[in-house]
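So the structure is just underneath, and the comments pick up after that.
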Amino acid sequence: MLITFFKKGCSFLLITSLLLLAACSNAAGSNSSEAGGDGSVELTFWNSWSSEDTPENEVILNRVEAFKKEHPEIKIKMESIPSDQYRTKLKTQAAGRQLPDLIQTWPGAELQPLVEGGLLMPIDDIIDHWKGKIIPDDNLVDYEIDGKQYAIPGNKVFTSVIYYDKDMLAKAGYDQFPESYEDLKDLIESLKDSGVTPIALGNKAKWPLQSVYISTIADRVTGSNFLEKVLNGEKKFTDPDFIKALSVIEDFKEIEAFNSDANSIDDNQSNDYFLQGKSAMVLNGTWALSGLIKNAPEGKNIGIAKFPSIEGGKGEPANISGVTGWGIALNSELSDEKKEAATTFFKFLYSEETYKDLMSIGTLIPANIEVPDKTESLFKETVELTNGGIAPVYDAVLPSEITDILNNGLQAISIGESTPKKVAKEMQSALDK
């Protein structure tokens, strides 16, 4: 599957300018202390695989430990930082060119400024080890900029899956998940009438309503080429279609679809609400799948669905917003010795064994590897559900300042402190500057 990312020329002006200015200063010392007294090579590595473990993080960290044992001549000095803090630190340190040897990154708006600032090293000379072999070409292009490859994806992420309790829906009179938005609203009312919170939402970090909800909902209404046309000046955020998409969050607020503390808890806590039976549904990305499989109480009958079609919408009802997931990039200042060590690490980490381990705990992967027989049925169902069209993820496409306006605006809409029209106007005004 392929996602094409677009940007408006001035959108990355501030961060790119900082990066380019920093390029004129001294490097952060990525080549210092290359060899230890025992002749080993040390690689510093920042990532978001913090102690707040998910099953996927555990798999990757175990593989890193296995590499250390197999390759004692290469020292991996890791700093694992919680996801939201990691992104903030990365942007701050990038502006001062204070980055490690290995850098966890994501496609689109996360990767682009680092490349434009000359902070990352292309890996075209080593990519043939994976390209067209274990990883299809289409799953590599998200990390390609101006014809150069900068990272290899570790997983594949769809940001908008509806996980629901089949038994709760059956009690509300629904043996199947609704296929239209109007029917979904009827289901929400039925669940409320039975005393059940319809949807668990954890929007404390503000991005879930954007990435998990609007990325797919807006695609249903506007079609998948809307963001491209907005950034090219052919469409506007103030167009009726986009306002209609934002209005879905307003609808959910008005019919009380969410838990009352939706903006005070995070997405992990919303998953817990669902698993504990405090809600009938939770919308989250496929990154939540492994945790739901691992932590589901015995007898929990979980179903999965796509957000239903919206009447008059221009998008494909089969589409789900998604992108290839995390990758590891190389600092542009790496010496030949460190690059050789990094290549050895990449070949170990991005291997068939790692991808099989990821599938075994319910993580979707970008590699051509058969699903293991012992994989949970819910994972197999998710593979089938996501085997369709792909819609762009808003925060992977939009400049960060526009994404921030959308994130804040959606949270404000969800508590009645703003309106779809106002948020759309604010986004367009910022884009026009």
Side-chain angles (χ1 to χ4, degrees), residues 160-204 208-210 212-218 220-221 243-285 288-289 291-292 295-313 317 320 378 381-382 385 410-420:
S160 184
V161 174
I162 301 176
Y163 302 94
Y164 65 94
D165 188 309
K166 292 181 179 180
D167 296 333
M168 284 188 175
L169 263 65
K171 288 181 181 179
Y174 289 79
D175 293 328
Q176 293 183 335
F177 198 84
E179 295 183 359
S180 74
Y181 175 52
E182 293 303 318
D183 287 343
L184 175 59
K185 289 194 288 185
D186 289 341
L187 167 61
I188 289 170
E189 294 288 2
S190 297
L191 289 167
K192 281 173 48 188
D193 290 344
S194 64
V196 174
T197 296
I199 304 173
L201 170 64
N203 196 53
K204 182 179 180 180
L209 280 176
Q210 166 265 124
V212 177
Y213 284 75
I214 286 300
S215 290
T216 289
I217 291 170
R220 294 280 184 275
V221 181
I243 292 173
K244 180 179 178 180
L246 297 182
S247 296
V248 171
I249 305 304
E250 188 173 56
D251 288 348
F252 281 175
K253 181 262 177 186
E254 291 176 353
I255 62 177
E256 299 178 338
F258 302 131
N259 42 298
S260 60
D261 59 350
N263 290 308
S264 301
I265 65 171
D266 62 27
D267 65 318
N268 290 322
Q269 290 171 297
S270 67
N271 293 340
D272 291 340
Y273 276 20
F274 171 70
L275 291 175
Q276 294 163 6
K278 295 180 180 180
S279 73
M281 295 175 272
V282 64
L283 275 68
N284 215 328
L289 181 61
L292 293 174
N295 299 318
E298 186 175 354
K300 186 77 169 179
N301 196 3
I302 300 176
I304 57 171
K306 300 178 182 182
F307 198 92
S309 62
I310 297 177
E311 185 177 357
I320 302 177
L378 187 62
E381 291 174 25
T382 305
L385 184 80
L410 288 169
Q411 188 176 78
I413 291 171
S414 74
I415 56 176
E417 292 186 355
S418 190
T419 66

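Only this structure's heavy atoms are used, side chains among them; waters, hydrogens and symmetry mates stay out.
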Revision key, fill the gap. The complete set of salt bridge (Lys or Arg N to Asp or Glu O under 4.0 Å) pairs with one or both residues in residues 260-282, sequence neighbours excluded, reads none

Review point. Y181 and D251: side-chain contact (heavy atoms from CB on, under 4.5 Å), yes or no, with the steps?
Key: CA-CA 11 Å; Y181 175 52; D251 288 348; 2.7 Å; yes

**Study point:** Separation between OH of Y273 and CD1 of I199, rounded to the nearest 0.5 Å
**Key:** 15.0 Å

Practice item. Considering non-hydrogen atoms only, spot the tightest contact between G285 and V212 and give its length. Key: N-CG2, 4.5 Å

Check your understanding: Should K185 and E182 be marked as a salt bridge (charged side-chain N to carboxylate O under 4.0 Å, His left out) after you check the CA-CA gap, both sets of side-chain angles, and the distance that decides it?
Key -> CA-CA 5 Å; K185 289 194 288 185; E182 293 303 318; 3.4 Å; yes

**Study point:** S180 (side chain) donor-acceptor with P308 (main chain) under 3.5 angstrom
**Key:** no

Check your understanding: Is it true that a side-chain atom of Y213 and a backbone atom of L246 form a donor plus acceptor pair closer than 3.5 Å?
Key -> no

Point to revise | Heavy-atom pair with the smallest gap, counting every atom of L191 and A172 | key: CD2-CB, 3.8 Å

**Study point:** Donor-acceptor pair, side chain of Q411 and main chain of N203, under 3.5 angstrom
**Key:** yes

Revision key, fill the gap. Between Y174 and S190, the two heavy atoms sitting closest are CE1-OG, 4.0 Å

Exercise for review: May I ask you to decide if L201's main-chain N or O and N259's side chain share a donor-acceptor pair within less than 3.5 Å?
Suggested key: yes

**Study point:** With E381 via salt bridge (charged side-chain N to carboxylate O under 4.0 Å, His left out) - residues at least two apart
**Key:** none

Exercise for review: May I ask you to test the S215-Q210 pair for a side-chain heavy-atom distance under 4.5 Å?
Suggested key: yes

Exercise for review: Report, as yes or no, whether the 6.0 Å neighbourhood of atom CD on Q276 holds more than 12 heavy atoms from other residues, nucleotides or ligands.
Suggested key: yes

Review point. Rounded to the nearest 0.5 Å, how far apart are OG of S247 and CD1 of I413?
Key: 7.5 Å

Practice item. Give a yes or no on this: more than 12 heavy atoms of other residues, nucleotides or ligands lie within 6.0 Å of atom NZ of K204. Key: no

Review point. N263 and S414: side-chain donor and acceptor closer than 3.5 Å?
Key: yes

**Study point:** Short N-O contact, E189 and K192, less than 4.0 angstrom
**Key:** yes

**Study point:** Aromatic ring pairing F307/F252, orientation class (parallel under 30°, perpendicular over 60°, tilted between)
**Key:** tilted

Check your understanding: When rounded to the nearest 0.5 angstrom, what distance separates OG in S279 from CE in M168?
Key -> 7.0 Å

Point to revise | Between CG on residue L184 and CE on residue M281, distance to nearest 0.5 Å | key: 5.5 Å

Check your understanding: Considering all heavy atoms of both residues, which atom of S270 and which atom of G202 are nearest to each other, and what is their separation?
Key -> CB-N, 3.4 Å

Check your understanding: Can you tell me how far CD1 of I249 sits from OG1 of T419, rounded to the nearest 0.5 angstrom?
Key -> 14.0 Å

Practice item. Provide the full list of salt bridge (Lys or Arg N to Asp or Glu O under 4.0 Å) pairs with a residue in residues 162-175, sequence neighbours left out, each pair given once. Key: D165-K300

Practice item. Check Y164 against I304 and note the closest heavy-atom contact, atom names and distance. Key: CE2-N, 3.4 Å

Exercise for review: Quick one: do K244 and I310 satisfy side-chain contact (heavy atoms from CB on, under 4.5 Å)? Show the steps, please.
Suggested key: CA-CA 10 Å; K244 180 179 178 180; I310 297 177; 4.1 Å; yes

Check your understanding: Do F177 and L169 come within less than 4.5 Å of each other through their side chains, counting heavy atoms only?
Key -> yes

Review point. With a 4.5 Å limit on heavy-atom distance, are the side chains of V161 and L289 in contact?
Key: no

Check your understanding: Shortest non-hydrogen contact from P420 to E250?
Key -> CD-OE2, 3.5 Å

Revision key, fill the gap. Here the gap from I320 atom CD1 to K306 atom NZ, rounded to the nearest 0.5 Å, amounts to 4.5 Å

Review point. Has the side chain of N295 got a donor or acceptor atom that lies under 3.5 Å from a matching backbone atom of G291?
Key: yes

